[in-house]
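Numbering of ligands and ligand atoms starts at 1, following listing order.
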Amino acid sequence: MADTFGDPKQLFGKPTPRIDGKAKVTGSARFASDEPVGNPAYAYLVTSRIAKGRVTAIKLDAAKAVPGVLDILTHGNVGGQAKPAKAADGGPNTPTLDSDQVMHDGQIVAVVIADTYEAAREAAGKVAVTYAAETPSATFGSKGVKVASHKSRSGKPFPKKGDAARAYRAAPVKVDARYSTPPQHHNAIELFTSTCEWDGDHLTVYEPTQAMWGSKAAIAAQLGLEPENVRVVGRYIGGAFGGKGANAYTAWVAIAAKRLNRPVKLVVTREQGFTVRSWRAETRQQVRISAGKDGRLTSFFHSGQEVTSRPSQYAVAGVEVTPRMYACPNIDTKVEVVHADRPTPGFMRAPAETPYFFGLESAMDELAWKLNMDPVELRRINDTRDDPVTGLPFSTRSLMQCYDAAAAKFGWSQRSAKPGSMTDADWLIGYGCATATYPANVAPAAARLTLTPDGKAVAAIAGHEMGTGAYTVVAITAAGALGIPVDKVKVLMGDSDLPPLTIGGGSNNAASKAHVVAKAAGEIRKRLAEAAVAANGPFKGLDPATLTLKDGKLLGPSGQTEDLKTAVSRVGSLVEVYAENNPEGLPPEAMANTYKGQTAMLRGGGRKDHSAFSFGAHFVEVRVHRLTREIRVPRVVSAFAGGTIINPLTAYSQYMGGVIWGLSAALFEATDLHQAQARYVNNDLAGYVIPVNADTPSIDVIMVDEPDNTTNPLGIKGIGEIGITGMNAAVANAVYHATGIRVRDLPIRPEKLLAHA
Ligand code: MOS
């Protein structure tokens, strides 16, 4: 292992400021739409005013009369020139300009291009579209929706074991409850954008995407180009969270740029972002859970329904994860999709776990109350070393260490168990807790690493800086493995001309990048060592495996050293390595598929000899006003065990950001739907409510130490998504403790508590 990976962990675990921090705060870090292109024209989308039907005519005269208008794309003049965009699961999607059919409100029906953004916007308002409208079906329970059973993402049947129905009937203590979660929309501060520029047959796309090579492949496929003729650049991304990957409009922006022989820039408005990109679908769930009087689970049933568009089968199917949390002999799960006249949903931070853990962790809390048991103890009694679904051991599982660490810091032992029994003047105080989890995923990747005699390195990988600290992770790994300071490493990312990395999703990128960069650095060490032992000098005749890189020197087993200038110059003006890493457990073609822009991830829940998940525990205090039912959350303490932590400074931010979003999901966030029109009505940041600083006073994150060399050689589990999971339930459980009111339908707003007052 030392030979393969050098000593990449040397700088892991030290809080390291972002190497791109200065660029970000001084404004020199560019979002994709800030990348300079020569004389761009500006695009503005025209979106449908109906949710279902057909476009019968589009009148362009008034729009074309606006000074500065250059072109207007419609189904009539460009339909068929690009293949339809695919949904996040690779399956069919709703149309854009490829059809006259309208399948959701806010569907792209025309693209106006003008010399200025203002002219394009004005003209877009003058595009007169007439429709043959039909009555749309909005959501669950609407007339005309179609319910269909869903196949699991893994292709395997949904988890099932023993006889859950029978065990449930026979059990002395049981909970049977229905939960629901609302639609949510991606509202990263950086808007959705695309800038396309042609050079002959070669297309460059400046776009915020969390899948550099994935977007390149998707755009090439849509436009019928060779992938090597497409380059995607997005060096800094202002938040992605699953929302920024391949999409439907880039192909049309590219076609517009071709028609005009001029770069075209599109910045999608905040409002349009609600309908032209993916989102988190609403769910309805049923959880039936039973236990013996001792609290041991005897049965677990979890079913979910999720809304999707008419053509798409996309579902997040969180029941593939929920039965793996606690020991239970009888398991039954299923998922159905409900086709409605809505855009196709897609990934949003912890896509499966976020909605489905609301059901699981609320039901566990309800069960604890029925058992008259401390909810932490209920988790302890049902803790397990083995994955209840597969029977395989967890690589590491530090769930109860997380509970114990967070409970101690929170002061859980001071809780008075009875609901409504803790008060402070007019405020009812409630304590709640819940489990967090996320699978540990790792993917194939390639990287180029260069070391020069002056002790400087350049690491190049088509990674994605979405605010996570991705550049810094690469620098820390390369610096540690090469034995040089972090500030001597320059990192190139955010460009599909660089060696491929898979989608920045599923919390895989830190692990995927670190392993390949470590491998490249290990190869550099090996080359320098082999040259050094063959030459006259301090290492002559030694075993090259005994030489390491440390403190800017090549170091021998008995303390001999040589500076990098000598060691590197011996092999050339620089030493450069191109490394590929295909994680053990993946088929060999996974690497080739990564070059094709496909996602070939080794998933923590689908491994052959173990299951790999991160775990965590949230503790939340809520205060509910006795009369107004205003809900405040003065403090949260969450503990996570995510394997090796590369940079505790950015890890803290990742965890904390997840906790805040979970709090948002619990109390604030929901997209409101006009039922008759199947239309989103709060499609801006005035109506789409998210927490501000005043809503999140104290969030304490504990990182539980968790050495793990089973998950992957460096023990990196990934931490991007776990923070949000379970938080919604922890808040709901605290609200129950404060008020005695169980809210099973998110978000928990004061009116839901007033209804019970
Ligand atoms: Mo994440 S929703 O896999 O970007």
Side-chain angles (χ1 to χ4, degrees), residues 87-90 153-154 181 183-190 192 207-215 218 234 237-247 273 277-281 283 306 314-318 320-321 344-357 436-443 445 462-470 473 493-494 501-513 597-606 612-614 642 650 653-655 657-658 660-662 664-665 669 716-728:
D89 61 0
R153 250 158 71 178
S154 59
T181 61
Q184 292 182 344
H185 278 82
H186 284 288
N187 277 289
I189 287 305
E190 183 204 20
F192 300 115
E207 187 166 304
T209 172
Q210 58 198 98
M212 293 294 153
W213 281 65
S215 286
I237 300 162
F241 307 106
K244 285 175 175 153
N247 71 85
R277 298 290 306 225
S278 77
W279 54 289
R280 195 198 296 281
T283 73
E306 304 174 32
Y314 182 87
V316 300
E320 291 185 276
V321 185
T344 305
F347 309 137
M348 190 186 273
R349 202 174 199 173
E353 294 74 12
T354 299
Y356 281 83
F357 266 56
T437 198
Y438 199 76
N441 301 324
V442 60
H464 317 91
E465 169 51 37
M466 314 184 280
T468 53
V473 157
M493 292 201 323
L501 175 70
T502 200
I503 184 170
S507 300
N508 85 85
N509 269 188
S512 308
K513 287 191 303 251
Q598 295 168 10
T599 304
M601 225 181 270
L602 178 64
R603 295 185 187 272
F613 286 82
S614 297
T650 46
S653 294
Q654 282 284 88
Y655 284 136
I660 293 170
W661 199 345
S664 178
E669 202 175 330
I716 300 164
K717 286 184 167 180
I719 59 168
E721 287 165 285
I722 183 174
I724 187 175
T725 67
M727 254 307 282
N728 45 17

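- Side-chain contact check for W213 and Q598: no donor-acceptor pair (N or O, by modelled atom type) lies under 3.5 Å.
- Residues satisfying the salt bridge (Lys or Arg N to Asp or Glu O under 4.0 Å) test with E465, not counting sequence neighbours, are R18, K24.
- With sequence neighbours excluded, no residue forms a ring pair (Phe, Tyr, Trp, His ring centres under 6.0 Å) with Y438.
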Step-by-step side-chain hydrogen bond (donor to acceptor under 3.5 Å, both in side chains) determination, T283 to E306 = CA-CA 5 Å; T283 73; E306 304 174 32; over 6 Å; no

Can you give me a line-by-line list of nitrogen or oxygen pairs between ligand 1 and the protein shorter than 3.5 Å?
residue, atom, partner, partner atom, Å
ligand 1, 3 (O), G506, N, 2.6
ligand 1, 3 (O), E721, OE2, 3.0
ligand 1, 4 (O), Q210, NE2, 2.7
ligand 1, 4 (O), G242, N, 2.9

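- The closest donor-acceptor contact from the side chain of S507 to the backbone of E721 lies under 3.5 Å.
- For the side-chain contact (heavy atoms from CB on, under 4.5 Å) test, residues two or more places apart in sequence or in another chain that qualify with F192 are H186, K244, Y249, V268, R277.
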